[in-house]
Amino acid sequence: ESGLVTIDPGFKNTGSTESAITFLDGEKGILRYRGYSIEELAEKSTFLEVSYLLINGELPTAKELENFKSKITHHTLIHEDIKSILDGFPSNAHPMGVLSSLVSSLTAFYPESLDPNRSAEGVNLSILRILAKLPTMAAWAYKNEIGHPVNYPDNRLDYCSNFLKMMFALPTDDYKVDPVVASALDKLLILHADHEQNCSTSTVRLVGSSHASLYASISGGINALWGPLHGGANQAVIEMLEAIQADGGDVKKYMAKAKDKDDPFRLMGFGHRVYKNFDPRAKIIKKAADDVLAKLGINDPILEIAKGLEEVALSDPYFIERKLYPNVDFYSGIIYRAIGIPTSMFTVMFAIGRLPGWIAQWKEMRENGEPIGRPRQIYTGANLRPFVPMEKR
Ligand code: SDX
């Protein structure tokens, strides 16, 4: 502390804003979107209805929801020139990298997003466009990765069914969406929709605070989410569970590694900056995993390994004193796997779910006229010194 500023690495004890969107209570494991509990919304609502709620602050009437859905449906198509950007990527490009580039490119295609004093109508158009186009771009990133032809959106389908069809349909066969899969996906997206000032949302707010476009801000959020400590954890969890399975399923050995300070291995999908008793989303997703696998008749051994890991961790002093519990990422990958989504696309699924939250937070920050984010520092570098000519170095 230098009298000027207090350094708070990772902002563990710093509030960045006031917000009316999401309420978390880390001690009690409470999560609410605009005052509605995540348990009720996961059970009774749909992802687009929750998106409307987060962005507009109220649950929509039937007419408002119908209007919102039809507007989104009629923006799902992507400019053909963006398809040629996609064609420029090698097929081993990670879908998150492709997605953040394609989203960033939207600013070049839709100048209304560039106008710093953008009208409310221009903002609403940008919001509808990104909500509509992200699933198309995500499915296209996957098709690029596996070298298959892309599928165009099918406006007769609902949001999740349309995404699944764009992901898995092939010109060679008929594709029918399984309603069990579509509804499992819809529930997962609801559970990811917002989470107050997490790393990627804070990034969206910071980028947007310079009055950059919504698309540029969302692209920043996608890149922040990619990290294995944040949204990338769901992919890391499955890779960890597969490694444990390949290693004979010895859960205790990996628990020891997670506790060994000299071993960089961490139990992915465990721990949380805010939740110190349990992550309410993990509880719902764990139950949903059992339901979906039972309905699909799938017996996935890594679900048993995951449950075994949770059991051992919840009775282990190291984890108990550090309040490490399964977080949202611990079980979600098991459902994605069961519905056929490859691990390389898990964090993309997180981005699709978190999009309405990023939008709502960006909109609130701009409507509140919040100042550009520009923190201070404590300087620890060299004092003043004269330039050294090359011959003297
Ligand atoms: C998400 O912020 C959000 O809300 C995020 C998110 C959202 O919806 O946006 O909820 C989504 O990102 C969930 C988190 C996904 N990440 C992971 O599962 C990666 C593994 N988890 C950790 O890296 C960690 O728990 C974090 C990043 C989630 C939280 O880190 P913190 O709050 O900075 O805590 P920390 O790293 O300081 O850890 C505290 C202690 C340390 O031990 P000590 O140095 O005190 O002895 O707990 C240990 C850590 O070593 N620890 C772990 C651990 N997580 C923390 N030890 C083993 N395995 C782990 N997973």
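For the numbers below, each heavy atom of this structure counts, side chains included, while hydrogens, waters and symmetry mates do not.
- Taking the six-membered ring wherever Trp is involved, the centroid distance between the rings of Tyr275 and His195 falls below 6.0 Å.
- Closest heavy-atom contact between Ser37 and Arg32: CA-CG, 4.0 Å.
- At least one side-chain heavy atom of Ile339 sits under 4.5 Å from a side-chain heavy atom of Leu296.
- The residues Lys295 and Asp178 are annotated as not salt-bridged, no charged nitrogen and carboxylate oxygen being separated by less than 4.0 angstrom.
- With hydrogens and angles ignored, the 3.5 Å screen pairs no side-chain donor or acceptor of Asn277 with any backbone N or O of Lys28.
- The nearest pair of heavy atoms linking Thr203 to Gly221 is CG2-N, 4.2 Å.
- Annotation: Lys276, atom NZ; neighbour count of heavy atoms from other residues, nucleotides and ligands within 6.0 Å is above 12.
- Arg354 approaches Ser200 most closely through the heavy-atom pair NH1-OG, 4.4 Å.
- Judged by distance alone, with hydrogens and angles left aside, the side-chain atoms of Asp8 form a donor-acceptor pair with the main-chain N or O of Asn13 at under 3.5 Å.
- Under a 3.5 Å cut-off, the side chain of Asn56 and the backbone N or O of Glu58 do not form any donor-acceptor pair.
- Pairs of residues two or more places apart, or lying in two chains, never qualify as side chain to side chain donor-acceptor pair (under 3.5 Å) while including a residue from residues 382-393.
- Just one residue in the list Ile72, Ile352, Thr76 forms a side chain to side chain contact (heavy atoms under 4.5 Å, CB included) with Leu131, and that residue is Ile72.
- Hydrophobic clustering places Met167 together with Leu185 (ILVMFWY residues linked when any side-chain heavy atoms are closer than 4.5 Å, directly or through intermediates).
- Between Tyr152 and Trp140, the two ring planes are perpendicular [angle over 60°; tilted spans 30° to 60°].
- Of the possible polar contacts, none joining the Asn234 side chain to the Asp329 backbone as a donor-acceptor pair under 3.5 Å is found.
- Contact annotation: the side chain of Pro153 approaches that of Leu77 to within less than 4.5 Å [non-hydrogen atoms, C-beta and beyond].
- At a threshold of 4.5 Å between non-hydrogen side-chain atoms, the residues Ile335 and Lys187 do not count as touching.
- Side-chain contact between Glu370 and Thr17 is present, with heavy atoms from C-beta onward closer than 4.5 Å.
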* Decide yes or no on side-chain contact (heavy atoms from CB on, under 4.5 Å) for Asn162 and Val177, but give the supporting numbers first. => CA-CA 9 Å; Asn162 188 19; Val177 179; over 6 Å; no
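- The shortest side-chain heavy-atom distance between Ile78 and Lys83 does not fall under the 4.5 Å cut-off.
- Residues Phe278 and Tyr331 fall into different hydrophobic clusters, defined by Ile, Leu, Val, Met, Phe, Trp and Tyr side chains chained together at heavy-atom separations under 4.5 Å.
- Between the side chain of His79 and the backbone N or O of Phe109 there is no donor-acceptor pair closer than 3.5 Å.
- Checking each of Asn327, Val328, Ile334 against Ile285 for a side chain to side chain contact (heavy atoms under 4.5 Å, CB included) leaves exactly one that passes, namely Val328.
- Classified by interplanar angle (parallel below 30°, tilted 30° to 60°, perpendicular above 60°), the ring pair Phe47/Tyr159 is tilted.
- Under a 3.5 Å cut-off, the side chain of Ser202 and the backbone N or O of Gln197 do form a donor-acceptor pair.
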* To do: Start with the C-alpha gap between Val98 and Glu145, add the side-chain angles, then the distance that decides, and say whether side-chain contact (heavy atoms from CB on, under 4.5 Å) holds.
  => CA-CA 9 Å; Val98 174; Glu145 189 187 26; over 6 Å; no
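- The shortest distance between side-chain heavy atoms of Trp362 and Ile218 does not fall below 4.5 Å.
- Residues Leu303 and Leu241 are not in side-chain contact: their nearest non-hydrogen atoms beyond the backbone lie 4.5 Å or more apart.
- Neither side chain, Trp358 nor Ser217, offers a donor N or O lying under 3.5 Å from an acceptor on the other.
- Through direct or relayed side-chain contacts under 4.5 Å between Ile, Leu, Val, Met, Phe, Trp and Tyr, Tyr325 connects to Leu314.
- Using bins of under 30°, 30° to 60° and over 60° for the plane-to-plane angle, the ring pair Phe319/Phe270 lands in the perpendicular bin.
- The local environment of CD in Glu321 is crowded, with over 12 non-hydrogen atoms from other residues, nucleotides or ligands closer than 6.0 Å.
- No donor-acceptor pair under 3.5 Å is formed between the side chain of Ser104 and the backbone N or O of Ser101.
- Residue Val103 is not grouped with residue Leu206 when hydrophobic side chains (ILVMFWY) are merged at heavy-atom distances under 4.5 angstrom, including chains of intermediate members.
- Of all the heavy atoms in Gly208 and Met365, the pair that sits closest is C-CE, 3.4 Å.
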* Between Leu54 and Val50, is a side-chain contact (heavy atoms from CB on, under 4.5 Å) present by the stated rule, with each step listed? -> CA-CA 6 Å; Leu54 284 167; Val50 165; 4.0 Å; yes
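- Rounding to the nearest 0.5 Å gives a distance of 10.0 Å between CG of Leu191 and CG of Asp186.
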* From CA spacing to verdict: side-chain contact (heavy atoms from CB on, under 4.5 Å), Phe350, Ser332 -> CA-CA 9 Å; Phe350 196 140; Ser332 54; over 6 Å; no
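- Around the CD atom of Glu43, the shell of radius 6.0 Å holds no more than 12 heavy atoms that belong to other residues, nucleotides or ligands.
- Checking side-chain atoms of Ser91 against main-chain N and O of Ile146 turns up no donor-acceptor pair under 3.5 Å.
- In this structure, Arg322 forms a cation-pi arrangement with Tyr318, its terminal cationic atom sitting closer than 6.0 Å to the ring centre and no more than 45° off the ring axis.
- Judged by distance alone, the side chain of Ser19 and the main-chain N or O of Ile21 form a donor-acceptor pair under 3.5 Å.
- Atom CG of residue Leu267 and atom NZ of residue Lys257 lie 11.0 Å apart, to the nearest 0.5 angstrom.
- Note that NZ of Lys143 is 12.0 Å distant from CG of Leu86, once rounded to the nearest 0.5 Å.
- Within the model, atoms CD of Glu364 and CD1 of Ile359 stand 14.0 Å from one another, a figure rounded to the nearest 0.5 Å.
- Atom CD1 of Ile238 and atom OG1 of Thr343 lie 8.0 Å apart (nearest 0.5 Å).
- Put simply, Ile341 and Val150 are part of the same group of oily side chains (I, L, V, M, F, W, Y) that touch within less than 4.5 Å, one to the next.
- Among residues two or more places apart in sequence or in another chain, the side chain to side chain contact (heavy atoms under 4.5 Å, CB included) test is passed with Glu64 by Tyr52, Pro60, Thr61.
- A donor-acceptor pair under 3.5 Å is absent between the side-chain atoms of Ser219 and the main chain of Ala216, judged by distance alone.
- More than 12 heavy atoms of other shown residues, nucleotides or ligands fall within 6.0 angstrom of atom NZ in Lys259.
- Using cut-offs of 30° and 60° on the angle between ring planes, the pair Phe265 and Tyr254 is perpendicular.
- Pro280 and Ile38 get closest at one heavy-atom pair: CB-CG2, 4.4 Å.
- What you find for Lys69 and Leu48 is that their closest heavy atoms are CG-CD1, 3.8 Å.
- A 4.5 Å side-chain heavy-atom check between Tyr175 and Leu170 finds every atom pair outside the cut-off.
- Interatomic distance, Asp154 CG to Lys165 NZ, rounded to the nearest 0.5 Å: 4.0 Å.
- Each of Leu106 and Leu125 belongs to its own hydrophobic cluster when Ile, Leu, Val, Met, Phe, Trp and Tyr are linked at side-chain heavy-atom distances under 4.5 angstrom.
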